[in-house]
Amino acid sequence: MKQPQAIGAEFFERPAARVARDLIGAQLVRRLDQRILSFRITETEAYEGVHDLASHSSRGRTARNEVMFGPAGHFYIYRIYGLHWMLNVVTGKLGEAAAVLIRGVEGISGPGRVALALGIEASLRGMPASPASGLWFGYPEQNDKPKIKRTPRIGVDYAGPIWANKKLRFVRI
DNA sequence: GCAGTGATCATA
DNA sequence: ATGATCACTGCC
């Protein structure tokens with residue numbers, strides 16, 4: 001099966017909201033054993049830099065989030081509630097510490113279920129999105145122009161009303 | 001609505 | 001060392 005061209009690192013060297021929007025309709029591709037799984041992305045969230053009170057990076061650099069402070073196009077992966085893996089890709093300038101969370105792909109809703117379906121685990125932390133790492137993004141179909149809706153992000157009330165209400169979640173409609 | 005789950009981080 | 005928190009999910 002022919003795969004779309006892999007999206008390179010420069011795509012991610014832009015503001016998180018732009019990347020999050022442009023990833024809707026793109027492919028998320030995983031190589032597991034010798035198999036290639038490919039899913040169309042349907043839902044993302046942007047987490048801006050250290051000024052974004054909903055972003056992990058706003059509470060400073062720690063062992064968990066240090067990948068966020070590194071180069072764009074690498075995976076920020078962490079575990080939440082002791083069981084669910086969250087898949088993010090770092091965006092923006094080096095040290096900006098922004099990222100995009102992959103919340104949903106076609107047929108699969110919820111970030112934990114996305115990670116489960118793709119076999120995401122700790123060994124991918126900090127790896128670049130590329131065929132060499134076994135997990136990467138592919139450009140959307142040329143004639144696929146999805147309608148996109150913007151809403152507040154899910155589960156970030158702890159950030160306070162200003163940041164919790166910003167429309168940084170992108171959903172294919 | 002809410003329990004489960006355990007890594008992570010601040011505090012000490 | 002201890003305790004609170006958590007970018008969630010599944011079942012009621």
Side-chain angles (χ1 to χ4, degrees), chain A residues 11-26 28 30 32 37 39-93 95-129 133 135-137 148-173:
Chain A
F11 177 94
F12 302 99
E13 295 165 356
R14 300 182 292 147
R18 296 285 308 280
V19 174
R21 184 196 66 187
D22 290 347
L23 281 177
I24 300 297
L28 180 57
R30 176 74 162 128
L32 272 180
L37 304 175
F39 298 90
R40 189 159 60 172
I41 296 171
T42 56
E43 183 181 348
T44 59
E45 277 176 0
Y47 287 85
E48 299 184 354
V50 296
H51 61 284
D52 177 356
L53 297 183
S55 174
H56 288 168
S57 61
S58 70
R59 279 153 296 180
R61 189 172 184 151
T62 67
R64 179 178 68 166
N65 68 16
E66 66 176 19
V67 171
M68 293 187 81
F69 292 81
H74 289 237
F75 292 116
Y76 170 45
I77 291 170
Y78 65 92
R79 202 132 89 126
I80 186 120
Y81 293 105
L83 24 139
H84 310 293
W85 291 99
M86 299 287 107
L87 173 63
N88 303 251
V89 60
V90 177
T91 69
K93 296 183 167 66
E96 184 180 328
V100 170
L101 170 68
I102 308 300
R103 281 197 69 88
V105 299
E106 206 154 45
I108 301 173
S109 288
R113 299 173 71 190
V114 168
L116 185 63
L118 291 169
I120 302 303
E121 26 73 35
S123 67
L124 284 163
R125 285 185 350 189
M127 299 293 286
S133 69
L135 181 62
W136 68 99
F137 297 91
I148 297 171
K149 125 180 123 176
R150 295 183 63 147
T151 80
R153 293 169 292 186
I154 305 296
V156 297
D157 286 350
Y158 61 82
I162 302 291
W163 286 96
N165 290 331
K166 287 196 185 286
K167 294 187 172 178
L168 291 171
R169 173 172 173 253
F170 297 80
V171 186
R172 183 188 180 97
I173 49 178

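Letters go in sequence order (proteins before strands), and every chain restarts at 1. Values below: every heavy atom of this structure, side chains too, minus hydrogens, waters and symmetry copies.
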For the pair made of [atom1] in [X] and [atom2] in [N], what is the distance, rounded to whole Å?
| X | N | atom1 | atom2 | value |
| --- | --- | --- | --- | --- |
| A/I77 | C/dC8 | CD1 | C1' | 16 Å |
| A/R125 | B/dA7 | CZ | P | 12 Å |
| A/Y81 | C/dC8 | OH | P | 6 Å |
| A/L87 | C/dC8 | CG | P | 14 Å |
| A/Y76 | B/dA7 | OH | C1' | 12 Å |
| A/R79 | C/dT9 | CZ | C1' | 14 Å |
| A/Y47 | C/dC6 | OH | C1' | 12 Å |
| A/R61 | B/dA10 | CZ | P | 14 Å |

Side chain to side chain, [X] and [Y], heavy atoms closer than 4.5 Å:
| X | Y | value |
| --- | --- | --- |
| A/V89 | A/Y76 | no |
| A/I108 | A/L118 | no |
| A/I102 | A/L23 | yes |

- At their closest point, which heavy atom of A/A54 faces which heavy atom of A/R153, and how far apart are they? CB-NH2, 3.4 Å
Is the phosphate of [N], meaning OP1 or OP2, less than 4.0 Å from a side-chain N or O of [X]?
| X | N | answer |
| --- | --- | --- |
| A/H56 | C/dA7 | yes |
| A/R113 | C/dG10 | yes |
| A/R103 | C/dC8 | yes |
| A/Y78 | B/dT8 | no |

- Message: Quick check on DNA chain B: between A/T62 and A/L83, whose nearest nucleotide comes earlier from the 5' end?
- Response: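 The residue whose closest nucleotide sits nearer the 5' end is A/L83.
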- Looking at every strand, decide which applies to A/R64 at a 4.0 Å heavy-atom threshold: base, sugar-phosphate, or nothing. sugar-phosphate
- Query: Within the structure shown, what part of the strands sits under 4.0 Å from A/A54 by heavy-atom distance: base, sugar-phosphate, or nothing?
  - Reply: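 Base, at least one base heavy atom under 4.0 Å.
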- Message: Using the side-chain heavy atoms of A/M86, tell me which of these nucleotides is nearest: C/dC8, B/dT8, C/dC6.
- Response: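 Among C/dC8, B/dT8, C/dC6, the one nearest the side chain of A/M86 is C/dC8.
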- Query: Between A/I80 and A/G112, who's closer to the 5' end of DNA chain C by nearest nucleotide?
  - Reply: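 The 5'-side residue here is A/I80.
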- Audit row: A/F137, A/F11, ring pair (Phe, Tyr, Trp, His ring centres under 6.0 Å) steps and yes/no: CA-CA 10 Å; A/F137 297 91; A/F11 177 94; 7.8 Å; no
- Query: Should B/dT5 form a Watson-Crick or G-U wobble pair with both distances under 3.5 Å, which nucleotide is its partner?
  - Reply: none
- So what's B/dA10 paired with, Watson-Crick or G-U wobble, going by both distances under 3.5 Å?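 The base-pairing partner of B/dA10, which may sit in any strand shown, is C/dT2.
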